[in-house]
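Everything below concerns the one structure shown next.
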Amino acid sequence: MKAAIMGSKSLSFNHYKDPAWTPLTYKNTLYMATIGGAAALQLKGKVGLFRVGFEFDAMLVDPYGDVTSPLDSEMDMDILDVTKHSSVAENLQKFIMTGDNRNIVKVFVNGEQVVPFKPAPDWQAPVPDRLRADRKRRRDDSSRATRAAEEL
């Protein structure tokens, strides 16, 4: 979505004389990723909306993300809280433009939670101990962030 917005803004330099041409917005790209994408793939009525009977694909987003900077403990987190006085639409735009995997707490595909990830199937190569410990730390950090957000 971010790449589409940035590419569209870049193309606007070529279209500066065309008053009918406007670059994409985050609202346009959200539409294309949901309802518009469903229509383009001829899946309208099955996906693209949060409605009963539709396939449920969604992400739970933590706007604070995985804050791991060593400076964070010394900083006033209220200064960094760019979501505190923002609307849902503004937070969505901020996530699209600046968010990354550290902001994603849970992912659901077809109604089934896939992140945090399920254990690897038996046929898959084992995960090295170093990576397993790192993944466990990230899951623990994510759980702490989720609990802290729920307490707010």
Side-chain angles (χ1 to χ4, degrees), residues 1-118 120 124 127 131 134-135 137-152:
M1 293 169 72
K2 178 181 177 180
I5 292 169
M6 298 304 292
S8 176
K9 288 187 187 284
S10 295
L11 286 173
S12 68
F13 293 112
N14 294 336
H15 295 275
Y16 70 95
K17 292 182 180 178
D18 183 0
W21 195 89
T22 58
L24 293 172
T25 67
Y26 75 97
K27 290 178 183 179
N28 300 135
T29 60
L30 180 62
Y31 174 83
M32 289 189 287
T34 55
I35 303 165
L41 297 171
Q42 297 179 347
L43 295 172
K44 200 171 182 180
K46 294 182 180 182
V47 299
L49 294 171
F50 289 123
R51 288 197 180 151
V52 175
F54 280 64
E55 293 181 15
F56 182 69
D57 295 345
M59 293 187 301
L60 175 61
V61 175
D62 176 5
Y64 300 102
D66 181 15
V67 183
T68 56
S69 168
L71 298 176
D72 291 334
S73 60
E74 300 172 16
M75 298 176 91
D76 178 6
M77 291 305 291
D78 195 50
I79 293 171
L80 299 176
D81 188 358
V82 295
T83 63
K84 192 172 195 173
H85 305 289
S86 300
S87 68
V88 172
E90 289 168 328
N91 284 333
L92 174 63
Q93 183 176 12
K94 290 173 188 176
F95 172 67
I96 290 171
M97 297 308 291
T98 63
D100 61 23
N101 63 318
R102 293 171 294 182
N103 298 102
I104 300 170
V105 178
K106 294 179 183 178
V107 176
F108 296 88
V109 175
N110 200 19
E112 184 177 334
Q113 183 177 337
V114 295
V115 173
F117 297 105
K118 296 178 181 177
Q124 193 172 14
V127 177
L131 291 176
D134 186 51
R135 287 181 184 170
R137 181 192 58 79
R138 287 179 186 215
R139 277 194 303 272
D140 292 346
D141 291 348
S142 176
S143 295
R144 279 193 292 277
T146 302
R147 283 193 301 275
E150 289 170 353
E151 290 173 4
L152 297 176

Atom pair CG/CZ of Leu43 and Phe54 - distance to nearest 0.5 Å:
10.5 Å

Working to the nearest 0.5 Å, report the span between OG1 of Thr98 and CD of Gln93.
9.5 Å

How long is the gap from CE on Met6 to CG on Leu24, to the nearest 0.5 Å?
12.0 Å

Tell me, do Phe50 and Phe56 make a side-chain contact under 4.5 Å, heavy atoms counted?
yes

Between the OG1 atom in Thr25 and the CG atom in Leu30, the distance rounded to the nearest 0.5 Å is 9.5 Å

Is there side-chain contact between Phe95 and Ile104, with heavy atoms separated by less than 4.5 Å?
yes

Minimal non-hydrogen separation, Met1 against Ala33, with atom names:
SD-CB, 4.2 Å

What's the shortest heavy-atom distance between Val105 and Val61, and which atoms?
CG2-C, 4.5 Å

Where is the tightest heavy-atom contact between Val114 and Val109, given as atom of each residue plus distance?
CG2-CG2, 3.8 Å

What one should report as the nearest heavy-atom pair of Val47 and Ala38 is O-CB, 3.3 Å

Interatomic distance, Lys2 atom NZ to Ile96 atom CD1 [nearest 0.5 angstrom]:
11.0 Å

Is Leu11 close to Trp21 at the side-chain level, that is, under 4.5 Å between some pair of heavy atoms?
yes

Check: Ser12 side chain, His15 main-chain N or O, donor-acceptor pair, under 3.5 Å
no

Please report the interatomic distance CD(Glu90) to OH(Tyr26), rounded to the nearest 0.5 Å.
7.5 Å

